[in-house]
Amino acid sequence: MTRVLPPDAAGIAEAARLLRAGALVAFPTETVYGIGADATNGAAVAAIFAAKGRPRFNPLISHYASAGAAFADAAPTRLAEQLAGRFWPGPLTLVLARGTGCRIADLASAGLPSVAVRVPAHPIAQALLRAAAFPIAAPSANRSGRVSPTRVAHVLEELDGRIAAVLDGGSCPIGVESTVLDLTGPSPRLLRPGGAVAEALAPFTGPLAADPPTAGAPLAPGIVAPGIVAPGMLASHYAPRLPLRLDASAVGAEEALLAFGPALAGAKLVYQLSAARDLAAAAARLFEGLRTLDTAAAKAGLTGIAAMPIPREGLGLAINDRLTRAAHR
Ligand code: TXA
Ligand code: MG
């Protein structure tokens, strides 16, 4: 049984103690819940892959309390320092060259010469990182190929009995994962659109090259697709069990509806992401919506989910990325 720890001083201290002992503890960040392990402990990192049932060793993000701590393990470029100054703590992950004396276990970076680092803003994540005093490797706290959890109930649905504990932080305010930006090449590459929107990054990075989730998937205007897929970027990811149809302009008799704005006529089962068409509200409800509809639609005897179109701008880029992956099977 996985223990649910309260996010008070005693809960944080117990979570840090468990991590130090090599155990797995899930914790909230402003994006989604992560399964944490001591990033410097290869055996603890290996246990993450076992708990997730990951088919292979994808590189993980290491989390830090401060940019100073992150840049002790990852070699910052000038741009990395500028982005850290503007976006950390926050939903941005930077892929950088492994620094000399980097403490991160090779398994956490899947043997790559680069490391992914992030300073989360969530107060519980911050408190845990300060108590632990080592980097915490944390992928999203879901079983491999499933939707990321944004509440403790989702974490338990995915991982009860497979991790030692979870810190209870309520709902994650952003609801989609961090933006992953690769700064190891000649120009920055957007490996995953996420909580830090491309429009806010562009003044620092210039136009961003994005890796498409699937060949031919629509990208935002101004984003070019070099067609190179990053390690760990499986096309089919975040998948609900029922088939998902995107950009629906009508809903079939056998379909549940993931609505954005006034719901399409005739839907028997609707999950509203945002009636007011607010992208931040929709991002925060996205994974909960996919989970809820997946279960409720199957119970109601429906055979698929139709998703209404969502603008491909701001957080809509991350929302469409996750929906495209969920639809790909
Ligand atoms: O919001 C988030 O980022 C959450 C919370 C818990 O921080 N974490 C998360 O981790 O989404 P995960 O493991 O589900 O996704 C990490 C992403 C993967 O797409 C992986 O391929 C990429 O980061 N990544 C990590 N290290 C990398 C590296 N060295 N080079 C390229 N991509 C890397
Ligand atoms: Mg994930």
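Atoms within each ligand, like the ligands themselves, are counted from 1 in listed order. Position 1 is the first residue of the sequence, and the numbers go up from there.
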**Report entry** Close approach, Val95 and ligand 1, non-hydrogen under 4.0 angstrom
**Finding:** yes
Query raised in the report: Do any N/O/S atoms of Ser140 come under 2.8 Å of the Mg ion (ligand 2)?
Result: yes
Report summary line: ligand 1 to Ser114, heavy atom cutoff 4.0 Å, flagged ligand atoms 28 (C), 29 (N), 30 (N)
Query raised in the report: Can you find a non-hydrogen atom of Ala138 under 4.0 Å from ligand 1?
Result: yes
Query - Fellow cluster residues of Phe134, listed by chain then number, with links counted only when side-chain atoms sit under 4.5 Å apart - result: Leu5, Ile12, Leu18, Leu19, Val25, Phe27, Ile124, Leu128, Leu129, Ile136, Leu167
Requested in this report: Output the list of atoms in ligand 1 that are nearer than 4.0 Å to some heavy atom of Leu112, sorted by atom number.
Outcome: 28 (C), 29 (N), 30 (N)
Query raised in the report: Are Val95 and Ile61 connected in the hydrophobic side-chain network, where two residues link if heavy atoms are under 4.5 Å apart?
Result: no
Requested in this report: Check whether Leu264 and Phe260 end up in the same hydrophobic cluster, where Ile, Leu, Val, Met, Phe, Trp and Tyr are linked by side-chain heavy atoms less than 4.5 Å apart.
Outcome: no
Query raised in the report: So, Lys268 side chain and Ala256 main chain: donor-acceptor pair closer than 3.5 Å or not?
Result: no
Query raised in the report: For Ile61, is the nearest heavy atom under 4.0 Å from an atom of ligand 1?
Result: yes
Query raised in the report: Among His154, Arg291, Glu158, Glu177, which residue meets the side-chain hydrogen bond (donor to acceptor under 3.5 Å, both in side chains) test with Ser148?
Result: Glu177
Query - Proximal ligand 1 atoms for Thr31, defined as those under 4.0 Å from one of its heavy atoms - result: 1 (O), 2 (C), 5 (C)
Query raised in the report: Looking only at N/O atoms, are Ser178 and ligand 1 under 3.5 Å apart anywhere?
Result: yes
Query raised in the report: For ligand 1, is there an N or O atom under 3.5 Å from any N or O atom of Arg118?
Result: yes
Report task. Heavy-atom contacts with Gly34 under 4.0 Å: which atoms of ligand 1 show up? List them by number with element. Result -> 6 (C)
Query raised in the report: Looking only at atom types and distance, does a side-chain atom of Asp73 sit under 3.5 Å from a main-chain N or O of Arg103, one as donor and one as acceptor?
Result: yes
Query - Partners meeting ring pair (Phe, Tyr, Trp, His ring centres under 6.0 Å) with Phe87 (sequence neighbours left out) - result: Phe204
**Report entry** Sub-3.5 Å N/O-N/O distance, His63 and ligand 1
**Finding:** yes
Query raised in the report: Do Leu79 and Val119 belong to the same hydrophobic cluster, where Ile, Leu, Val, Met, Phe, Trp and Tyr are linked whenever their side-chain heavy atoms lie under 4.5 Å apart, directly or via other members?
Result: yes
Query raised in the report: Taking both backbone and side-chain atoms of Arg192, is any N or O found less than 3.5 Å from an N or O belonging to ligand 1?
Result: yes
Query raised in the report: So, the side chain of Glu30 versus the backbone of His122: is there a donor-acceptor pair under 3.5 Å, distance only?
Result: yes
Requested in this report: Could you tell me which atoms of ligand 1, counted from 1 in the order shown, lie closer than 4.0 angstrom to a heavy atom of Ala116?
Outcome: 25 (C), 26 (N), 27 (C)
Report task. Run the numbers for me: atoms of ligand 1, each under 4.0 Å from some heavy atom of Leu191, listed by number. Result -> 31 (C), 32 (N)
Report summary line: A student checking ligand 1 against Ser140 at a 4.0 Å heavy-atom cut-off should list atoms 8 (N), 9 (C), 10 (O), 12 (P), 14 (O)
Report task. Treat each ILVMFWY residue as a node, draw an edge where side-chain heavy atoms are under 4.5 Å apart, and state whether Ile310 and Leu257 are in one component. Result -> no
